[in-house]
Amino acid sequence: MITKKENNVQDAINGIENGMTIMFGGFGLCGIPENTIAALVNTSISDLTCISNNAGVDDFGLGLLLQKKQIKKMISSYVGENAEFERQMLSGELEVELTPQGTLAERCRAAQAGIPAFFTPAGYGTEVAEGKEAREFNGKMHIMEEAFKADFAIVKAWKGDEAGNLIFKGTARNFNACMAGAGKITIAEVEELVPVGSLDPNQIHIPGIMVQRIFQGEKFEKRIEQRTVRARN
Ligand SMILES: CC(=O)CC(=O)O
């Protein structure tokens, strides 16, 4: 059996370089690959294009990479809770491509499944449709969206084994499930890395073939409450 286990996060991120396109799983502050993000923050890697549902908050998630100005472009759906993101976008320092949330998910899933493009009605007649092929299906206009092309996909799971099989917990499944296998190399950080054979095959959400590198994260924060409070204020 080929082991995909990396001994630490530094080994897991080997090969990530300036200017690359990287997908990050997570929704809200749930299921964020935070150990990998922390390791990237400790490098001088810059000019990244990040594909992620959100841009984190000021002190968590992709917000940490934004603070260090390591991101050149964000492709996201929901970006409303990060002051530094807003500042960089309005000043023109950061390129931003906003995309409907379902389209974002499907562009990941298409990349995962090897489907080059698909048609969706979301965004037709808006700025999102600019420059895209439009076609009518069943009396309704659709636009063509292309699968993402990412150098790395970085996901967070609850449990995984050395063959890369993954189990997510609760809502942390979110974008992690459609991003696993959607980059040239998928890195999975897990709360618990277990020997092959110890996961119940019926519980596995992502088969190991989608994952090239796996490691056990050292520290996972519980941040849901903090963001709920911020959002209300
Ligand atoms: C509302 C959302 O789309 C959640 C997020 O911040 O990812």
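In each ligand, atom 1 is the first atom listed, and ligand 1 is the first ligand listed.
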- Task: Using a strict cut-off of 4.0 Å, indicate which atoms of ligand 1 neighbour a heavy atom of Asn53.
- Result: 2 (C), 3 (O), 4 (C), 5 (C), 7 (O)

- Item | Gly28, any N or O under 3.5 Å of ligand 1 N or O | yes

- Message: Taking side-chain hydrogen bond (donor to acceptor under 3.5 Å, both in side chains) as the definition, give me every residue that meets it alongside Arg135, ordered by chain and number, with sequence neighbours left out.
- Response: Glu133

- Message: Any nitrogen or oxygen of Ser77 lying under 3.5 Å from a nitrogen or oxygen in ligand 1? Just yes or no.
- Response: no

- Task: Give the ring-plane orientation class for Phe175 versus Phe27, where under 30° counts as parallel, over 60° as perpendicular and anything between as tilted.
- Result: parallel

Under 3.5 Å, which donor-acceptor pairs do the side chains of residues 120-129 form with other protein atoms, sequence neighbours left out?
residue	atom	partner	partner atom	Å
Thr120	OG1	Ala122	N	3.1
Thr126	OG1	Gly123	O	2.7
Thr126	OG1	Val128	N	3.1

- Item | Gln101-ligand 1 polar pair, N/O distance under 3.5 Å | yes

- Message: Under 3.5 Å, is there a donor on one side chain and an acceptor on the other for Asn53 and Gln101?
- Response: yes

